[in-house]
Amino acid sequence: VLRLGQHLARLEQNLAAVGMVHPLSRSQWSAIIERLLAAQAGDDFTIYVQLTRGVAPRHHHPPGNLPPTVFAMLNPLEPVDPSVTVTAITHEDFRWQRCDIKSTSLIANVLLRQAAVAAGAAEAILLRDGRITEGAASNVFVVVDGRLRTPPLSRHLLPGVTRDLLIELLAGTTDAVLETEIDTDQLRRADEIFLTSSGRELAPVSHLDGQSIGSACPGPVYLRAVARYAEFKARA
């Protein structure tokens, strides 16, 4: 399972952030996932898990002794073609102040993705106070002035496991990632933009708000990054 330890660490941090008890050990999670995989035929899958506080009468302060409800499922993961580009729009980031918590409260993200699809795009790149936070369901990487950049972690974006893995893989190379604020002007004059997520992995953006990014083809930095990512997966 790709980066299972990192995904479970983020889950543990999220549970602590919302005051929930973690009902399972890492070995128990591994056993659940292996049992799901054993019942499937095929190659790659995404693993989705969801925890709730448990069953209780509806009110805003649930009792603290509830046994949590645990749900897990698999979905087939379609192979990603690194030559296929996506389009994106920019949109005001109108979400709440704790976007670093991965929760089921995703109505704002759904609305933002719907706005992208309605505009004929695949993703919305979100702007808060004139700076990039992330995509509606992805992290954002931008090549500006020859340097690969991504917004630094904060309460305004989810610490993506694929994001962190890519930063790790490119450390010490000519494509080492600079974690820094990226403003609207830098975004619009970027030579390359690409998105990362567990389901999409790495996806290059060809057009933003109808304007081409670079040559509207996967750029050299992206191609080197996706090659390193593929090498890592082959070894994992």
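Computed from a predicted model, the values in this text were never measured in an experiment.
Nearest heavy-atom pair across Ala17 and Ile101 is CB-CD1, 3.8 Å. The minimum heavy-atom distance between Arg10 and Pro159, with the atom names listed, is NH1-O, 3.1 Å. The minimum heavy-atom distance linking Val142 with Val144 is given by the pair CG1-CG2, 3.3 Å. Of all the heavy atoms in Ala216 and Ser206, the pair that sits closest is O-CB, 3.4 Å. Contact between Ala121 and Thr87 at its shortest, heavy atoms only, is CA-OG1, 3.2 Å. The shortest heavy-atom contact between Ala171 and Ala176 is CA-CB, 4.4 Å.
Asn139 places a side-chain N or O within donor-acceptor distance of the main-chain N or O of Leu158, the cut-off being under 3.5 Å. Side chain of Ser212 to backbone of Ser215: no donor-acceptor contact under 3.5 angstrom is found. With hydrogens and angles ignored, the 3.5 Å screen pairs a side-chain donor or acceptor of Arg95 with a backbone N or O of His156. Of the possible donor and acceptor atoms, one in the side chain of Tyr222 sits under 3.5 Å from a partner among the backbone N and O of Pro82.
Contact check for Thr162 versus Leu202: side-chain heavy atoms found under the 4.5 Å cut-off. Side-chain contact between Thr85 and Pro218 is present, with at least one heavy-atom pair separated by less than 4.5 Å. A heavy-atom distance below 4.5 Å is not found between the side chains of Thr150 and Ile132. Using a 4.5 Å cut-off on side-chain heavy atoms (C-beta onward), Leu153 and Asp100 make no contact. Looking only at side-chain heavy atoms (C-beta outward), Arg131 and Ile182 stay at 4.5 Å or farther from each other. Ile193 places a side-chain heavy atom less than 4.5 Å from the side chain of Val140. Residues Gln186 and Arg149 are in side-chain contact: their nearest non-hydrogen atoms beyond the backbone lie under 4.5 Å apart. Here the side chains of Leu208 and Ile125 are in contact, with some heavy-atom distance below 4.5 Å.
In the hydrophobic clustering of this structure, Ile47 groups with Ile32; members are Ile, Leu, Val, Met, Phe, Trp, Tyr whose side-chain heavy atoms approach within less than 4.5 Å, directly or through other members. Cluster membership check: Leu2 does not share its hydrophobic cluster with Trp29, using side-chain heavy-atom separations under 4.5 Å among Ile, Leu, Val, Met, Phe, Trp and Tyr. Under a hydrophobic-cluster definition in which Ile, Leu, Val, Met, Phe, Trp and Tyr are linked whenever side-chain heavy atoms come within less than 4.5 Å, directly or via other members, Leu169 and Leu195 are assigned to different clusters. No single ILVMFWY cluster, assembled from side-chain heavy atoms under 4.5 Å apart, contains both Leu4 and Val161. If you chain together hydrophobic residues whose side chains sit under 4.5 Å apart, Ile89 and Leu126 never meet in one group.
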Residue pair Asp175, Phe141: steps toward the side chain to side chain contact (heavy atoms under 4.5 Å, CB included) verdict: CA-CA 11 Å; Asp175 298 318; Phe141 287 77; over 6 Å; no
Kindly determine whether Leu127 and Thr184 satisfy side chain to side chain contact (heavy atoms under 4.5 Å, CB included), including the steps that lead there. CA-CA 8 Å; Leu127 300 168; Thr184 307; 4.0 Å; yes
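Separation of atoms CG (Asp93) and CG (Leu157) is listed at 9.5 Å; rounding is to 0.5 Å. One distance of note links CD of Glu181 with CG of Asp129; it measures 9.5 Å at 0.5 Å rounding. Atom OG1 of Thr196 is separated from atom CD of Glu134 by 10.0 Å, given to the nearest 0.5 angstrom. Interatomic distance, OG1 of Thr52 versus CE of Met20, reported as 6.0 Å (0.5 Å rounding). To the nearest 0.5 Å, the span separating CG on Leu24 from CG on Leu8 amounts to 9.5 Å. Note that the CG atom of Leu165 and the CZ atom of Phe232 stand 5.0 Å from one another [nearest 0.5 Å].
In summary, the side chains of Tyr48 and Gln50 do present a donor paired with an acceptor at a separation below 3.5 Å, with no hydrogens or angles considered. For the 3.5 Å distance criterion, the side chains of Ser83 and Asp81 qualify, holding a donor opposite an acceptor.
For the salt bridge (charged side-chain N to carboxylate O under 4.0 Å, His left out) condition, the pairs that include at least one residue of residues 26-37, sequence neighbours left out, are Glu12-Arg26.
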Please report, to 0.1 Å, the donor-acceptor pairs under 3.5 Å made by any side chain of residues 60-76, with sequence neighbours excluded.
none

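Glu192 is linked by a salt bridge (Lys or Arg N to Asp or Glu O under 4.0 Å) to nothing, counting only residues two or more places apart in sequence or in another chain. Residues forming a side-chain hydrogen bond (donor to acceptor under 3.5 Å, both in side chains) with Arg113 (at least two apart in sequence, or on another chain): Glu123. Legend: residues meeting salt bridge (Lys or Arg N to Asp or Glu O under 4.0 Å) with Arg155, ordered by chain and number and at least two apart, are absent. Annotation: side-chain hydrogen bond (donor to acceptor under 3.5 Å, both in side chains) contacts of His7 (sequence neighbours excluded): none.
Counted within 6.0 Å of CD on Gln40, heavy atoms from surrounding residues, nucleotides or ligands total more than 12; the atom is thus considered enclosed.
With respect to Glu92 and Arg128, no salt bridge is recorded, no charged nitrogen being found less than 4.0 Å from a carboxylate O. Comment: Glu168 does not engage Arg228 in a salt bridge, judged by the lack of any side-chain N to carboxylate O separation of less than 4.0 angstrom. Here Glu179 pairs with Arg163 in a salt bridge; the nearest charged N to carboxylate O distance falls below 4.0 Å. Salt bridge status for Asp209 with Arg188: present, with a side-chain N to carboxylate O gap under 4.0 Å.
Considering Val18, Asn14, Leu15 as possible partners of Leu51, the one that fulfils the side chain to side chain contact (heavy atoms under 4.5 Å, CB included) test is Leu15.
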